[in-house]
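Written below as structure tokens is the structure these notes are about.
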Amino acid sequence: MWRFSLCLVCITIGVSANKLFNVEQAMKNHQVVPDVIPVAPKEILLVNYTNGAKALFGNELTPTIVKDQPIVSWNADPNSFYTLCLTDPDAPSRAEPTKREWHHWLVGNIPGENVSLGETLSGYVGSGPPPKTGLHRYVFLVYKQPSKLTFDEPRISNRSVEHRDQFSINRFALKYNLGAPVAGNFYQAQYDDYVPILYKQFGVN
């Protein structure tokens with residue numbers, strides 16, 4: 001019996017170590033650390049799109065695939081509040097990120113992992129990388145808040161591009177005393193035929 005219990009402990013430790021290695025190593029390999037955050041989160045943020053696609057440590061997805069808001073989950077304390085962000089550090093391109101970061105989604109005061117009950121600061125917008133700018137990194141991060149917060153950020157609809165560029169999730173975290181992110185994930189995407197449709201949503205030709 002004790003051998004079986006020991007085996008289960010070893011498997012659990014192995015899985016946890018693998019998760020830690022994947023998140024931290026992937027973010028370092030793709031330079032999410034230090035381009036976006038100074039320290040990688042220790043937990044995986046699960047990101048599932050309704051079409052079956054998943055974000056997974058820098059895999060390539062298309063703007064068509066990620067056009068709708070995903071379902072996200074993480075190892076949350078149901079009695080705590082969280083902030084969720086999706087940000088692109090490669091605007092307008094990774095080679096010349098003069099508008100870094102362009103944030104695509106920002107929700108605060110999320111009770112546990114129930115994003116729908118959180119306070120939407122910036123509505124979800126899918127990937128819209130300009131043509132011929134190569135792959136962009138799209139980084140999901142979750143922060144555990146010290147308490148329920150009062151945010152003085154502008155509220156941005158999913159039909160507006162105002163106030164989305166020149167953002168820094170690290171600066172935002174410092175402003176609201178969020179500490180380091182507790183969970184994260186990311187994918188990469190480049191231009192496809194859906195991008196002009198997205199631009200029309202913003203009234204941009």
Side-chain angles (χ1 to χ4, degrees), residues 19-47 55 57-58 69-70 72-94 96-125 127 136-158 160-188:
K19 286 183 178 181
L20 177 65
F21 172 80
N22 282 340
V23 175
E24 292 189 334
Q25 197 61 49
M27 288 194 170
K28 289 177 182 177
N29 289 347
H30 287 271
Q31 297 180 306
V32 173
V33 176
D35 287 352
V36 180
I37 47 176
V39 179
K42 291 180 167 50
E43 295 285 340
I44 296 172
L45 173 67
L46 300 177
V47 181
F57 306 133
Q69 182 176 309
V72 299
S73 60
W74 64 96
N75 183 22
D77 175 358
N79 298 312
S80 295
F81 292 96
Y82 294 85
T83 292
L84 165 69
C85 180
L86 169 60
T87 191
D88 171 12
D90 303 322
S93 71
R94 188 164 180 176
E96 296 184 6
T98 56
K99 294 189 179 295
R100 172 180 293 175
E101 301 159 19
W102 206 98
H103 75 283
H104 288 251
W105 197 18
L106 187 60
V107 186
N109 289 330
I110 301 169
E113 60 178 2
N114 197 333
V115 177
S116 64
L117 295 181
E119 184 179 351
T120 299
L121 307 179
S122 301
Y124 178 85
V125 171
S127 299
H136 289 224
R137 295 164 293 175
Y138 294 89
V139 183
F140 291 88
L141 295 166
V142 169
Y143 293 79
K144 187 175 183 179
Q145 299 176 190
S147 61
K148 191 170 186 179
L149 298 172
T150 300
F151 296 99
D152 63 6
E153 310 302 313
R155 272 43 175 185
I156 308 171
S157 80
N158 63 358
S160 176
V161 295
E162 292 185 4
H163 307 296
R164 287 185 182 267
D165 66 339
Q166 303 287 318
F167 178 77
S168 166
I169 186 56
N170 192 50
R171 188 169 61 240
F172 180 93
L174 289 170
K175 177 179 178 179
Y176 291 102
N177 194 30
L178 301 180
V182 296
N185 212 328
F186 65 106
Y187 66 88
Q188 298 183 86

We want to know whether Asp152 and Tyr176 form a side-chain donor-acceptor pair, criterion being a heavy-atom distance below 3.5 angstrom.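 Asp152 vs Tyr176: donor-acceptor pair found between side chains.
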
Exercise: do Ser127 and His136 side chains pair donor with acceptor under 3.5 Å: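 Result is no, nothing qualifies.
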
Can you tell me how far the [atom1] atom of [X] sits from the [atom2] atom of [Y], to the nearest 0.5 Å?
X	Y	atom1	atom2	answer
Glu96	Lys99	CD	NZ	12.5 Å
Phe151	Phe172	CZ	CZ	5.0 Å
Gln69	Trp105	CD	CH2	4.0 Å
Leu84	Leu106	CG	CG	8.0 Å
Ile156	Leu121	CD1	CG	8.5 Å
Asn22	Glu24	CG	CD	10.5 Å

Salt bridge or not between Glu43 and Lys144? Use side-chain N to carboxylate O under 4.0 Å.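 So Glu43 does not pair with Lys144 through a salt bridge.
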
Over all atoms of both residues, closest heavy-atom pair of [X] and [Y]:
X	Y	value
Gly118	Pro111	N-CD, 4.1 Å
Pro41	Gly184	CG-N, 3.6 Å
Val142	Tyr82	CG1-CD2, 3.7 Å
Ala40	Val33	N-CG2, 3.8 Å
Pro97	Pro89	CB-O, 3.4 Å
Leu149	Pro146	CD2-CG, 4.4 Å

Determine, step by step, whether His103 and Ile169 satisfy the side chain to side chain contact (heavy atoms under 4.5 Å, CB included) criterion, reporting the C-alpha distance in whole Å, the side-chain angles of both residues, the deciding distance to 0.1 Å, and the verdict. CA-CA 8 Å; His103 75 283; Ile169 186 56; over 6 Å; no

Under the side chain to side chain donor-acceptor pair (under 3.5 Å) test, which residues partner Ser80, sequence neighbours left out?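 Partners of Ser80 by the side chain to side chain donor-acceptor pair (under 3.5 Å) criterion, ordered by chain and then number, come out as Asp77.
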
Carefully, step by step, assess Leu141 and Leu45 under the rule side chain to side chain contact (heavy atoms under 4.5 Å, CB included). CA-CA 8 Å; Leu141 295 166; Leu45 173 67; over 6 Å; no

With the side chain counted from C-beta on, respond yes when Leu46 and Trp74 share a heavy-atom pair under 4.5 Å apart, and no when they do not.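 No - every pair of side-chain heavy atoms lies 4.5 Å or more apart.
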
Do Pro70 and Phe140 have side chains that approach each other closer than 4.5 Å (heavy atoms only, starting at C-beta)?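 Yes - at least one pair of side-chain heavy atoms lies under 4.5 Å apart.
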
Checking Gln145 side chain against Asn109 main chain: does a donor-acceptor pair fall under 3.5 Å?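 Yes, because the side chain of Gln145 sits within donor-acceptor range (under 3.5 Å) of the backbone of Asn109.
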
So, does Arg137 use its side chain to make a donor-acceptor pair with the main chain of Gln31 at under 3.5 Å?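 It does hold such a pair.
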
Surrounding CD of Gln166 (heavy atoms of other residues, nucleotides or ligands, distance under 6.0 Å), is the total greater than 12?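 Yes.
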
Is atom NZ of Lys175 surrounded by more than 12 heavy atoms (other residues, nucleotides or ligands) closer than 6.0 Å?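 More than 12 heavy atoms, drawn from other residues, nucleotides or ligands, come within 6.0 Å of this atom.
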
Take Tyr124 and Asn158 through the side chain to side chain contact (heavy atoms under 4.5 Å, CB included) test and state the conclusion after the steps. CA-CA 6 Å; Tyr124 178 85; Asn158 63 358; 5.8 Å; no

Partners of Arg164 by salt bridge (charged side-chain N to carboxylate O under 4.0 Å, His left out), sequence neighbours excluded?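 Partners of Arg164 by the salt bridge (charged side-chain N to carboxylate O under 4.0 Å, His left out) criterion come out as none, since no residue qualifies.
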
Show your working on side chain to side chain contact (heavy atoms under 4.5 Å, CB included) between Arg100 and Asp90 and close with a plain yes or no. CA-CA 6 Å; Arg100 172 180 293 175; Asp90 303 322; 4.1 Å; yes

